[in-house]
Amino acid sequence: FFFKQKTAYEIPKRDWSSDVCSSDLNWKIPLVQSSIGRYRRGPRLCRAPRVSTPHQVRTARSRTRPWGMGYRHAPADRSLSSGPVLEQAPAFRQGRTIANLAALIGDRFGARRAYQALAPLADAPLAGHIAGARHLVLLLLDGVGSAQIEALCPSGALAALRQCELDSTFPSSTAPAITTFATGTAPGEHAVTGWHLWSPMHRAVVRPLPLDFWGTPGKVEARDLFHWSPLTDRMRIASTILQPGSIADSSFTRHAFNGARRIGYSNPDEVRQQIVEVLAQPSPTGHFVYAYLPQFDSSAHEYGCTAAPSGRTLARLDALFGDLVAALAKHDVLLLATADHGFIDIPEQQHFRLEHFPELAALLDTPLTGEPRVAFCNVRAGQSEAFCDLAAEMLGDAFDCHRSTDLIHAGYFGPIHGTALRSRIGSHTLIGRDRHCLTQTLSGEKPPNFIGMHGGLHPDEMRVSVAAAYRGNRISAPAI
């Protein structure tokens with residue numbers, strides 16, 4: 001079933017069928033002051049096209065006008081939140097996030113941090129095995145959250161060898177999460193907060209994985225956007241990165257995994273043998289192998305996370321993990337498999353588009369950034385109260401509106417180090433309740449067409465499993 005899939009690093013503009021982690025905004029617009037909002041002097045927001053195929057039905061909301069897609073609805077019984085719900089913040093402080101896992105792997109192989117910002121990993125048996133591992137293989141299965149394993153592959157190897165469950169990052173999306181695995185830090189430190197990112201230096205929205213701009217040609221220099229060093233650059237062992245060939249030598253990959261050997265694959269069926277061959281090479285200090293597999297994420301965006309094509313893709317990934325467990329059973333190798341985030345499917349009536357709310361857009365200084373499920377808003381000076389009131393009136397009970405600083409203080413982004421995060425997440429954040437999302441489209445772009453999505457705080461987006469095997473068995477106690 002594995003066919004050539006586009007990934008988050010190479011996704012073309014306007015394409016939501018592959019590994020997208022937010023509305024595929026991509027523009028670099030001069031921000032000129034005007035009475036109706038600075039960025040509205042840029043490209044016009046577009047109308048939805050005429051529906052001609054079943055796959056275009058999601059772009060026809062301006063014609064069919066379901067609730068929330070162009071009309072004001074009655075205000076919710078309660079106003080949008082002025083503060084965050086603390087219970088929903090990722091458990092950085094409790095040691096139960098993918099950031100705590102990544103930091104421990106870095107520590108084990110010598111990439112120690114200048115300060116201890118994250119709590120130790122909460123799962124003691126897993127932490128003990130990582131601390132004692134000589135060779136470690138990490139499979140990152142993009143989008144394969146706990147709910148997806150339970151729904152699609154409950155009796156497979158990933159479920160049988162599940163060791164613990166962790167929270168993703170906030171937003172629960174590929175760009176923040178992959179950067180967390182690359183750095184061993186939370187978004188509060190690495191400041192990559194979504195598929196689209198506001199860059200004060202460029203005065204533009206950039207896409208951190210493809211390292212380009214929204215709406216205009218041109219590339220972004222990694223050193224201008226990222227002010228962190230990767231784990232692989234500081235590890236004291238041989239490290240190898242396996243990725244689809246199309247991104248194995250991308251600008252992001254070269255920066256995020258500097259110091260590692262980079263190997264591309266054309267088909268995921270090649271990954272098992274590539275890992276075995278890497279581990280067979282002499283390395284007195286050990287091996288760290290990171291294999292990124294984005295195939296499920298691509299399928300889930302296009303078909304939905306519980307659709308048959310996505311189920312078949314997950315079955316193949318589960319089989320790959322099982323094959324590796326068997327292949328490494330006689331070797332001193334700790335094998336881990338986890339994900340960057342989970343998934344939900346978006347009902348058509350819960351997909352909102354900003355162009356249907358021009359009054360709200362007029363209060364913004366810049367385009368939305370972040371994710372469709374978590375939209376960062378740069379509200380014009382002096383318009384904070386008006387924005388919150390209008391969001392409550394026009395978006396009803398579909399979104400919670402928070403001051404972004406409240407989310408920082410509540411720990412949503414993890415420990416904060418430096419000032420980059422505050423400049424990239426706007427003054428306010430709209431977080432979709434239930435399965436609501438908010439996208440934005442420019443003139444000349446095709447409106448987003450997706451079924452599966454992630455980025456928000458729904459448990460099916462946030463929860464990921466860690467499957468672990470050592471010498472072919474499930475681990476139960478720390479390695480001795």
Side-chain angles (χ1 to χ4, degrees), residues 9 98-99 101-114 121 126-141 178-185 190 222 226 228-245 247-266 268-294 320-321 323-338 340 466-472 475 478-480:
Y9 302 74
I98 59 174
L101 173 63
L104 178 59
I105 292 173
D107 286 350
R108 167 63 188 94
F109 295 117
R112 298 196 177 275
R113 294 156 284 166
L121 186 68
L126 178 58
H129 273 269
I130 292 174
R134 182 163 179 262
H135 307 288
L136 192 151
V137 175
L138 175 64
L139 302 184
L140 187 64
L141 311 178
I178 281 186
T179 309
T180 285
F181 279 107
T183 63
T185 64
H190 64 62
F226 307 134
W228 39 260
S229 62
L231 292 176
T232 52
D233 200 32
R234 293 175 280 133
M235 284 182 173
R236 297 174 184 172
I237 62 166
S239 55
T240 303
I241 308 300
L242 301 176
Q243 293 184 307
I247 61 171
D249 199 41
S250 71
S251 296
F252 179 85
T253 297
R254 290 197 304 271
H255 184 89
F257 300 104
N258 187 51
R261 178 188 179 196
R262 300 185 299 274
I263 301 175
Y265 62 83
S266 58
D269 291 332
E270 302 170 7
V271 171
R272 174 191 175 280
Q273 186 60 31
Q274 288 176 326
I275 290 174
V276 170
E277 290 175 359
V278 168
L279 293 172
Q281 297 173 7
S283 178
T285 55
H287 285 282
F288 170 65
V289 181
Y290 166 96
Y292 173 61
L293 295 135
L320 169 62
F321 176 68
D323 287 346
L324 277 168
V325 172
L328 302 178
K330 296 182 179 181
H331 300 276
D332 181 16
V333 178
L334 178 61
L335 174 64
L336 306 179
T338 189
D340 49 352
V466 181
Y470 179 70
R471 293 191 181 275
I475 65 174
I480 298 176

* Answer whether the closest heavy-atom distance between the side chains of F288 and M235 falls below 4.5 Å. => yes
Closest heavy-atom pair, T179 versus T183, reported as atoms and distance to 0.1 Å, is O-OG1, 2.8 Å
field: Residue pair L293 / L242, side-chain heavy-atom distance below 4.5 Å
entry: no
Just do the side-chain contact (heavy atoms from CB on, under 4.5 Å) check on T338 and L101 with the steps written out, would you? CA-CA 10 Å; T338 189; L101 173 63; 4.3 Å; yes
Value for CD1 (I275) from CG (L320), rounded to nearest 0.5 Å, stands at 6.5 Å
Fill in: Backbone of S229 reached by a side-chain donor or acceptor of R234 within 3.5 Å
yes
Aromatic centroids of F181 and Y292 separated by under 6.0 Å | no
Applying salt bridge (charged side-chain N to carboxylate O under 4.0 Å, His left out) to D249 and not counting sequence neighbours gives R254, R262
Which of L139, V137, L126 passes side-chain contact (heavy atoms from CB on, under 4.5 Å) with L336? Answer is L126
Note to self: In the structure I gave you, are the side-chain heavy atoms of D332 and Y470 within less than 4.5 Å of one another anywhere?
What the structure shows: yes
Taking every heavy atom of L141 against every heavy atom of D340, the minimum-distance pair comes out as O-OD1, 4.1 Å
Counting only N and O atoms by type, is there a donor-acceptor contact under 3.5 Å from the side chain of H135 to the main-chain atoms of H287?
yes
Strictly under 6.0 Å, is that where the ring centroids of F226 and H190 end up?
no
Rounded to the nearest 0.5 angstrom, the CG-CG distance for D269 and D323 is 9.0 Å
(request) Please lay out, stage by stage, how V271 and Q243 fare under the test side-chain contact (heavy atoms from CB on, under 4.5 Å). (result) CA-CA 9 Å; V271 171; Q243 293 184 307; over 6 Å; no
task = Please check if the side chain of T232 supplies one atom and the backbone of G259 the other of a donor-acceptor pair under 3.5 Å.
result = no
On a heavy-atom basis, the closest approach of A238 and S283 is CB-OG, 3.7 Å
In short, G286 meets I237 closest at the heavy-atom pair O-CB, 3.5 Å
- prompt: So R261 and S239, side-chain contact (heavy atoms from CB on, under 4.5 Å) or not? Walk me through it.
  reply: CA-CA 6 Å; R261 178 188 179 196; S239 55; over 6 Å; no
Heavy atoms of F257 and P230 approach each other most closely as N-CB, 4.3 Å
E277 and Q273: side chain donor to acceptor below 3.5 Å | yes
In short, K330 meets R471 closest at the heavy-atom pair O-NH1, 3.5 Å
